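Written out below as structure tokens is the structure these notes cover.
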Amino acid sequence: TDGSDQGMGDVIAAFVRINTQGKPLTKQEQANANYIHSPLLLAAKKLTTSFHKIFEMSDDQIGRMKDVEIVLELLITIQKKETLNKKTAINVALKDESITKRETGKISSQFKTILGLLKKLNLGKNTRYVRKTSDFYSLFKALMSLHNSKIVFNNRKSFAKANRELATFSANVADIADAHKNKKFGYLKKHSNTPYYKYWFTTQSNTDSKEHRDIRTNILREIIGRSFNSKKDRKRLFSVNQKEQIWEASKNKKCSWPSCPRKLSWDTATIDHVIPWSQGGPTEVDNAQLMCRQHNSMKKDKDFSKYFVAS
């Protein structure tokens with residue numbers, strides 16, 4: 001059968017189940033019914049096989065098309081080159097009839113490339129990154145951003161180091177969750193300005209909002225990025241054209257240093273390498289953030305796991 005026949009079969013199966021099991025259709029099942037001819041949706045269905053090799057889902061979740069939903073989100077993220085707000089992004093993208101089969105093929109190819117990097121990280125089946133879709137999305141987006149920034153994913157030792165860094169970070173996040181559960185307020189206050197506290201906080205409400213996804217993505221990007229060595233970019237400084245792009249992309253025009261309240265002007269804004277240039281960070285827009293002169297000077301080439309891009 002062709003793609004449209006298969007799509008119609010999925011729709012029929014969903015409606016048979018709703019009549020026999022009494023379960024309402026999920027948003028993804030509704031989208032499936034409305035956009036069965038969408039190239040992106042058809043691609044997402046095909047790629048779920050590769051997805052399941054990394055991320056485990058229950059039969060019930062698969063039956064509810066949760067696997068198609070997260071794969072579709074990631075394909076749209078690749079296509080848009082930006083973090084999505086889960087509540088609105090999928091239907092908007094599926095309505096876009098300008099996305100061709102050829103473009104979908106390129107998007108699918110990049111999806112497989114990022115999955116390949118995830119496989120090399122060897123995170124196992126019991127870490128938060130491959131058990132919760134919110135964490136998986138953020139990790140995937142972090143790897144996608146690093147890949148687009150031309151970071152060199154070079155050898156096994158680097159992947160092993162990244163694995164250890166992510167495991168340690170996950171344990172720290174778990175400690176914060178445990179402290180919150182057991183009302184250890186002193187511990188929480190002591191660690192309130194750490195990346196793992198900020199990461200945990202984004203999972204407590206509006207988990208899949210663009211703002212919270214961005215925070216988690218940037219934290220994970222910096223943790224992973226320091227494990228991989230890359231030749232220094234021959235170009236050390238950002239150009240005026242690059243500064244204009246970064247300036248226009250910033251909504252609040254604030255310094256990216258955590259808790260810095262400074263509102264920047266064009267003249268007071270400096271452009272900082274998220275991953276330091278001295279540690280292989282490229283002089284590219286994808287690796288840039290606005291920062292005030294004071295904090296740019298303070299950060300320099302220090303351990304950048306302590307910093308993240310402000311939303």
Side-chain angles (χ1 to χ4, degrees), residues 1-119 123 125 129-141 143-144 147 207-208 213:
T1 59
D2 62 17
S4 55
D5 288 339
Q6 181 182 356
M8 183 57 69
D10 290 336
V11 176
I12 294 171
F15 277 97
V16 168
R17 184 172 53 73
I18 192 174
N19 288 328
T20 58
Q21 298 182 13
K23 292 182 179 179
L25 294 177
T26 64
K27 289 182 179 179
Q28 183 52 49
E29 287 171 329
Q30 294 172 29
N32 193 49
N34 291 329
Y35 306 108
I36 59 173
H37 299 294
S38 165
L40 273 179
L41 182 55
L42 293 173
K45 292 177 185 176
K46 290 181 181 178
L47 291 168
T48 54
T49 301
S50 300
F51 169 74
H52 288 306
K53 293 178 181 178
I54 305 292
F55 193 101
E56 286 195 348
M57 279 189 165
S58 67
D59 290 340
D60 181 66
Q61 287 177 308
I62 294 172
R64 305 288 282 169
M65 300 187 73
K66 292 298 183 181
D67 51 347
V68 176
E69 181 179 90
I70 183 63
V71 172
L72 185 56
E73 279 189 85
L74 293 170
L75 293 179
I76 297 169
T77 298
I78 293 171
Q79 190 253 339
K80 298 290 185 183
K81 297 181 180 179
E82 63 180 13
T83 305
L84 303 183
N85 185 324
K86 183 175 180 177
K87 291 182 178 180
T88 59
I90 292 180
N91 280 348
V92 171
L94 290 177
K95 290 177 182 177
D96 185 358
E97 298 181 356
S98 66
I99 302 175
T100 64
K101 288 184 178 180
R102 183 176 181 181
E103 184 180 2
T104 302
K106 292 180 179 179
I107 295 168
S108 297
S109 177
Q110 187 170 353
F111 176 87
K112 292 177 181 177
T113 297
I114 305 303
L115 278 192
L117 296 176
L118 278 163
K119 186 176 181 180
L123 295 171
K125 297 292 185 180
Y129 311 110
V130 293
R131 287 189 291 107
K132 299 181 179 180
T133 55
S134 56
D135 294 289
F136 185 85
Y137 179 94
S138 299
L139 181 60
F140 185 100
K141 178 64 166 54
L143 284 169
M144 174 186 137
H147 182 263
T207 306
D208 292 318
R213 281 180 159 181

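For reference, positions follow the sequence shown, starting with 1. Quick caveat: nothing in here was measured; it's all calculated off a predicted structure.
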Side chain to side chain contact (heavy atoms under 4.5 Å, CB included) for K66 and M57? Distances and angles first, verdict last.
CA-CA 8 Å; K66 292 298 183 181; M57 279 189 165; 3.8 Å; yes
Under the side chain to side chain contact (heavy atoms under 4.5 Å, CB included) test, which residues partner S58, sequence neighbours left out?
D60, Q61
Salt bridge (charged side-chain N to carboxylate O under 4.0 Å, His left out) pairs, two or more places apart, involving residues 98-107:
none
L47 CG to L40 CG distance, which is reported to the nearest 0.5 Å:
10.0 Å
Straight-line distance of M65 CE to K45 NZ, nearest 0.5 Å:
5.0 Å
With sequence neighbours left out, which residue pairs that include part of residues 131-141 fulfil the salt bridge (charged side-chain N to carboxylate O under 4.0 Å, His left out) condition?
R128-D135
Distance check, rounded to the nearest 0.5 Å: I114 atom CD1 versus S109 atom OG?
10.0 Å
Go through it in stages, so that I can follow the logic: the residues are D208 and N85, the test is side chain to side chain contact (heavy atoms under 4.5 Å, CB included), and I'd like the CA-CA distance, side-chain angles, deciding distance and then a yes or no.
CA-CA 6 Å; D208 292 318; N85 185 324; over 6 Å; no
What residue pairs, at least two apart or across chains, pass ring pair (Phe, Tyr, Trp, His ring centres under 6.0 Å) with a residue in residues 52-77?
F51-F55, F55-F136
Would a distance-only check, ignoring hydrogens and angles, find a side-chain to backbone donor-acceptor pair under 3.5 Å from S108 to T104?
yes
Using atom types as modelled, flag every donor-acceptor pair under 3.5 Å from a side chain in residues 70-84 to any protein atom, sequence neighbours excluded.
unit_1, atom_1, unit_2, atom_2, d
E73, OE1, R213, NH1, 3.0
E73, OE1, R213, NH2, 2.6
T77, OG1, E73, O, 2.8
T77, OG1, Y137, OH, 2.7
T83, OG1, D214, OD1, 2.6

Minimum side-chain heavy-atom gap V130-E56 below 4.5 Å
no
For Q110 and M144, what are the C-alpha separation, side-chain angles and deciding distance, and is it a side chain to side chain contact (heavy atoms under 4.5 Å, CB included)?
CA-CA 9 Å; Q110 187 170 353; M144 174 186 137; 3.9 Å; yes
ring-ring contact (aromatic ring centres under 6.0 Å, His included) with F111: which residues, sequence neighbours excluded?
F140
Would you say that L123 contacts L139 through its side chain, given a criterion of any heavy-atom pair below 4.5 Å between the two side chains?
yes
Distance from T133 atom OG1 to D67 atom CG, nearest 0.5 Å?
11.5 Å
